[in-house]
Amino acid sequence: MSRRVVVTGLGAITPIGNSVDEFWKSVKEGKVGIGPITKFDTSDYKAHLAAEIKDFEITTIVDKKTARRMEDFSQYAVAAAKEALDDSGLDMTKEDPFMVGVSVGCGIGSLQCVQRNYTKLLEKGPNRVQPLLIPMLISNIAAGNISIQFGLKGKNIDIVTACASGNHNIGEGFRSIQYGEADVMLAGGTEGAITEIGLAGFTGLNALNPTEDPARASIPFDVDRGGFVMGEGSGILVLEELEHAKARGAHIYAEIVGYGATSDAHHLTAPIEDGSGDAKAIEFAMKDAGIQPEDIDYINAHGTSTHMNDAFETMAIKRALGDAAYHCKVSSTKSMVGHLLGAAGGVEAIASVKSIEDGYVHGNIGLVNQDPECDLDCPKEGIEMDVNVALSNSLGFGGHNAVLIFKKYAE
């Protein structure tokens, strides 16, 4: 029999708060973290808005030399990991470090590092490229940095599945504990790709909303939605084997009970029209959790604010849950923080866990005219309600689908 896994720590760096408490307070206030891009001049671009991290300083956690060897996505991950570890109360001096691992994904790595050094290469030649170019830009180095900073010597992985990376990494961390490969896993996602080449690349796909109005930029399920908004940040959870957590008197936020993963096998960027791939991942997660569709109280949707995603995700939810799809609340955290890409699943898992702990489902902020194609119960404002089971859904370019199910902890 597989081991039970619980959530004992949370850490977040987001466009609406650089801690879980700040993030969740902003969520309950319906705060939108989207605004004009400040990192570079966007005059020549079609899209001008992003959900940037604000007032972040890594040198409160690591020294300046170490900080210089970390790109944004690594800095965000290390900061979120520290908060999650501190929150969990885990004392590494009392742990077997080879049984504490890391499963933290990043969809892209550092485009800034590539862009900066390619410019140097063209202008000044190959000898002026940073010696640490490669280890600073590769996506797995966030997980590596977490391991190094906190002495975590167990399984250390980086599942890269674009915007499904966060959920896949939490799911694989969950599996690692279930089957005895680790007692504790720091799991989640991170991203920091708001740069010229990143904005140009997503614009080329017609994926970004060109509006100048932050309040109408990321509006999942609205008939006027026109694309997503790039975001950045990190969300990390401490996952722990139940008996291990109980033995040290850890606070338990929730239990993770289900994980499902599939592929659409359909298109590079578009979800399959009938939602069948995501629906099957939802079904697999429910089977894993041993629950029925009617048991689900809340779905934290992928909800990117693109026409195809929101319509096809709605189809997937209805396909998997049947009539029960209309009896649970559905909301997208991206309505406030934009699309955090590889970090999305991590931050949205935190929102799901907090919904269970706090008895609160956040609204779809900015939703004015709900699209008839997206006809589920998508509240515009937050709701105080008992949440026993929450499902978090993520999709990624390439057809990746990853679903997590969290449940209120009970003996």
Side-chain angles (χ1 to χ4, degrees), residues 10-43 45 47-62 64 67-68 70-84 86-87 106-108 110-113 115-116 142 145 166 188-196 198-199 202 208-209 211-219 228-236 304-305 332-348 350-351 354 362 365-366:
L10 303 172
I13 301 294
T14 79
I16 55 173
N18 294 338
S19 69
V20 172
D21 285 347
E22 284 182 39
F23 163 69
W24 191 241
K25 180 176 182 289
S26 295
V27 165
K28 296 184 82 170
E29 292 171 353
K31 185 177 179 180
V32 175
I34 297 167
I37 292 171
T38 64
K39 294 175 183 286
F40 55 92
D41 183 4
T42 63
S43 299
Y45 294 79
H48 305 281
L49 302 179
E52 296 180 337
I53 298 299
K54 304 155 189 77
D55 304 319
F56 175 77
E57 183 49 69
I58 190 63
T59 54
T60 60
I61 298 171
V62 301
K64 290 182 180 179
R68 285 195 299 270
M70 290 185 198
E71 291 292 310
D72 288 352
F73 76 100
S74 284
Q75 292 187 8
Y76 301 154
V78 167
K82 184 179 190 305
E83 183 189 8
D86 289 348
D87 183 42
C106 179
I108 298 176
S110 181
L111 290 176
Q112 295 94 324
C113 199
Q115 182 175 304
R116 190 172 64 242
N145 273 309
T190 190
E191 202 79 81
I194 302 174
T195 188
E196 292 93 332
L199 190 70
F202 281 117
L208 302 181
N209 194 333
T211 183
E212 303 284 346
D213 182 0
R216 297 294 290 162
S218 184
I219 48 172
F228 72 79
V229 175
M230 287 185 74
E232 59 181 350
S234 181
I236 307 288
T304 62
S305 189
S332 172
T333 309
K334 293 180 181 70
S335 63
M336 290 172 275
V337 300
H339 194 344
L340 305 191
L341 310 174
V347 171
E348 290 159 16
I350 290 171
K354 291 295 287 183
H362 73 70
I365 307 306

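Position 1 is the first residue of the sequence, and the numbers go up from there.
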K.L.:
Using side chain to side chain contact (heavy atoms under 4.5 Å, CB included), reason through Leu208 and Val229 one step at a time and then give a plain yes or no.
P.N.:
CA-CA 6 Å; Leu208 302 181; Val229 175; over 6 Å; no
K.L.:
I need the Gln115 CD to Phe40 CZ distance, nearest 0.5 Å.
P.N.:
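Rounded to the nearest 0.5 Å, the CD-CZ separation comes out at 8.0 Å.
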K.L.:
Could you tell me if the side chain of Phe23 sits less than 4.5 Å from the side chain of Val347, heavy atoms only?
P.N.:
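In contact.
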K.L.:
Under 3.5 Å, is there a donor-acceptor pair between the side chain of Glu57 and the main chain of Thr59?
P.N.:
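Side chain of Glu57 to backbone of Thr59: a pair is present.
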K.L.:
Quick one: do Ile58 and Tyr76 satisfy side chain to side chain contact (heavy atoms under 4.5 Å, CB included)? Show the steps, please.
P.N.:
CA-CA 8 Å; Ile58 190 63; Tyr76 301 154; over 6 Å; no
K.L.:
I want to check something: taking the side chain as every heavy atom from C-beta on, are Asn209 and Leu49 in contact at a cut-off of under 4.5 Å?
P.N.:
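They are not in side-chain contact.
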K.L.:
Would you name the heavy atoms of Gly192 and Phe73 that are closest together and state the gap between them?
P.N.:
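So the minimum-distance heavy-atom pair works out to N-CB, 3.6 Å.
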K.L.:
Determine whether Asp87 and Val20 satisfy the following criterion, side chain to side chain contact (heavy atoms under 4.5 Å, CB included), listing intermediate values before the conclusion.
P.N.:
CA-CA 10 Å; Asp87 183 42; Val20 172; over 6 Å; no
K.L.:
Using a strict cut-off of less than 4.0 Å between a Lys/Arg side-chain nitrogen and an Asp/Glu carboxylate oxygen, indicate whether Asp21 and Lys25 qualify as a salt bridge.
P.N.:
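Salt bridge absent between Asp21 and Lys25.
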K.L.:
Is the count of non-hydrogen atoms from other residues, nucleotides or ligands lying under 6.0 Å from Lys28 atom NZ greater than 12?
P.N.:
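Atom NZ in Lys28 is crowded, with more than 12 foreign heavy atoms closer than 6.0 Å.
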K.L.:
Would you tell me whether His339 and Thr304 have side-chain atoms, one donor and one acceptor, within less than 3.5 Å of each other?
P.N.:
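Per modelled atom types, His339 and Thr304 side chains form no pair under 3.5 Å.
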K.L.:
If you measure from CD1 on Ile365 to CD1 on Ile219, what distance do you get to the nearest 0.5 Å?
P.N.:
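Nearest 0.5 Å value for the CD1-CD1 distance: 12.5 Å.
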K.L.:
Are any of the side-chain heavy atoms of His48 and Pro36 separated by less than 4.5 Å?
P.N.:
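Not touching, per the 4.5 Å side-chain cut-off.
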K.L.:
Could you verify whether a donor N or O on one side chain and an acceptor N or O on the other, from Glu191 and Ser234, lie under 3.5 Å apart?
P.N.:
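Result is no, nothing qualifies.
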K.L.:
Looking only at non-hydrogen atoms, find the nearest pair between Ala343 and Gly233 and report the distance.
P.N.:
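Smallest heavy-atom distance, with atoms named: CB-O, 3.2 Å.
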K.L.:
Working to the nearest 0.5 Å, report the span between CG of Leu10 and OG of Ser19.
P.N.:
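So the CG of Leu10 and the OG of Ser19 are separated by 11.0 Å.
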K.L.:
What are the two closest non-hydrogen atoms of Ala80 and Ala12, and how far apart are they?
P.N.:
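Where Ala80 meets Ala12 most closely, the heavy atoms are CB-N, 4.0 Å.
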K.L.:
Taking all non-hydrogen atoms of both residues into account, name the closest pair between Ile350 and Gly235 and its distance.
P.N.:
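Distance-wise, the nearest heavy atoms are CD1-CA, 3.9 Å.
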K.L.:
In terms of side-chain geometry, is the basic nitrogen of Glu232 or Lys39 positioned less than 4.0 Å from the acidic oxygen of its partner?
P.N.:
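Yes, Glu232 and Lys39 are salt-bridged.
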K.L.:
Shortest non-hydrogen contact from Ser335 to Val32?
P.N.:
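Reported closest heavy-atom pair: O-CG2, 4.0 Å.
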K.L.:
Nearest 0.5 Å please: distance from the NZ atom of Lys54 over to the OG1 atom of Thr38.
P.N.:
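It is 8.5 Å, given to the nearest 0.5 Å.
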K.L.:
Taking C-beta and beyond as the side chain, do Val62 and Met70 meet within less than 4.5 Å on heavy atoms?
P.N.:
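Heavy-atom side-chain distance check passes, below 4.5 Å.
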K.L.:
Would you check if Ser110 and Asp72 make a side-chain contact, meaning some heavy-atom pair closer than 4.5 Å?
P.N.:
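Side chain of Ser110 against side chain of Asp72, heavy atoms only: no contact under 4.5 Å found.
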K.L.:
Would you say Gln75's side chain and Ala67's backbone share a donor-acceptor pair under 3.5 angstrom?
P.N.:
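Flag set: sc Gln75 to bb Ala67 pair under 3.5 Å.
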K.L.:
With rounding to the nearest 0.5 Å, note down the distance linking OG in Ser305 to CZ in Phe228.
P.N.:
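Taking OG in Ser305 and CZ in Phe228, the distance rounds to 10.0 Å.
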K.L.:
Give a yes or no answer on whether the side chain of Ser26 reaches the backbone of Ile16 with a donor-acceptor pair at less than 3.5 Å.
P.N.:
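Yes: the side chain of Ser26 pairs with the backbone of Ile16.
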K.L.:
Could you pull out the closest heavy-atom pair between Ala47 and Leu199, with the gap in Å?
P.N.:
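What the structure gives for the nearest pair is O-CD2, 3.5 Å.
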K.L.:
State the CD1-OH distance between Ile37 and Tyr45, to the nearest 0.5 angstrom.
P.N.:
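Reported to 0.5 Å precision, the distance equals 8.5 Å.
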K.L.:
Taking Arg116 first and then Glu71, would you say they form a salt bridge - that is, a charged N and a carboxylate O separated by under 4.0 Å?
P.N.:
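Salt bridge flag = yes for Glu71 with Arg116.
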K.L.:
Check whether Thr195 reaches the backbone of Leu111 with its side chain - one donor and one acceptor, N or O, closer than 3.5 Å.
P.N.:
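Not a single qualifying donor-acceptor pair exists.
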K.L.:
Given the rule in the side chain to side chain contact (heavy atoms under 4.5 Å, CB included) test, do Gln112 and Glu196 qualify, once you have shown the distances and angles that lead to the verdict?
P.N.:
CA-CA 8 Å; Gln112 295 94 324; Glu196 292 93 332; over 6 Å; no
K.L.:
Any donor-acceptor pair under 3.5 Å linking the side chain of Arg216 with the backbone of Thr211?
P.N.:
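Not confirmed, Arg216 side chain does not pair with Thr211 backbone.
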K.L.:
Does some side-chain heavy atom of Glu52 sit less than 4.5 Å from a side-chain heavy atom of Met230?
P.N.:
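A side-chain contact is absent here, since even the closest heavy-atom pair is not under 4.5 Å.
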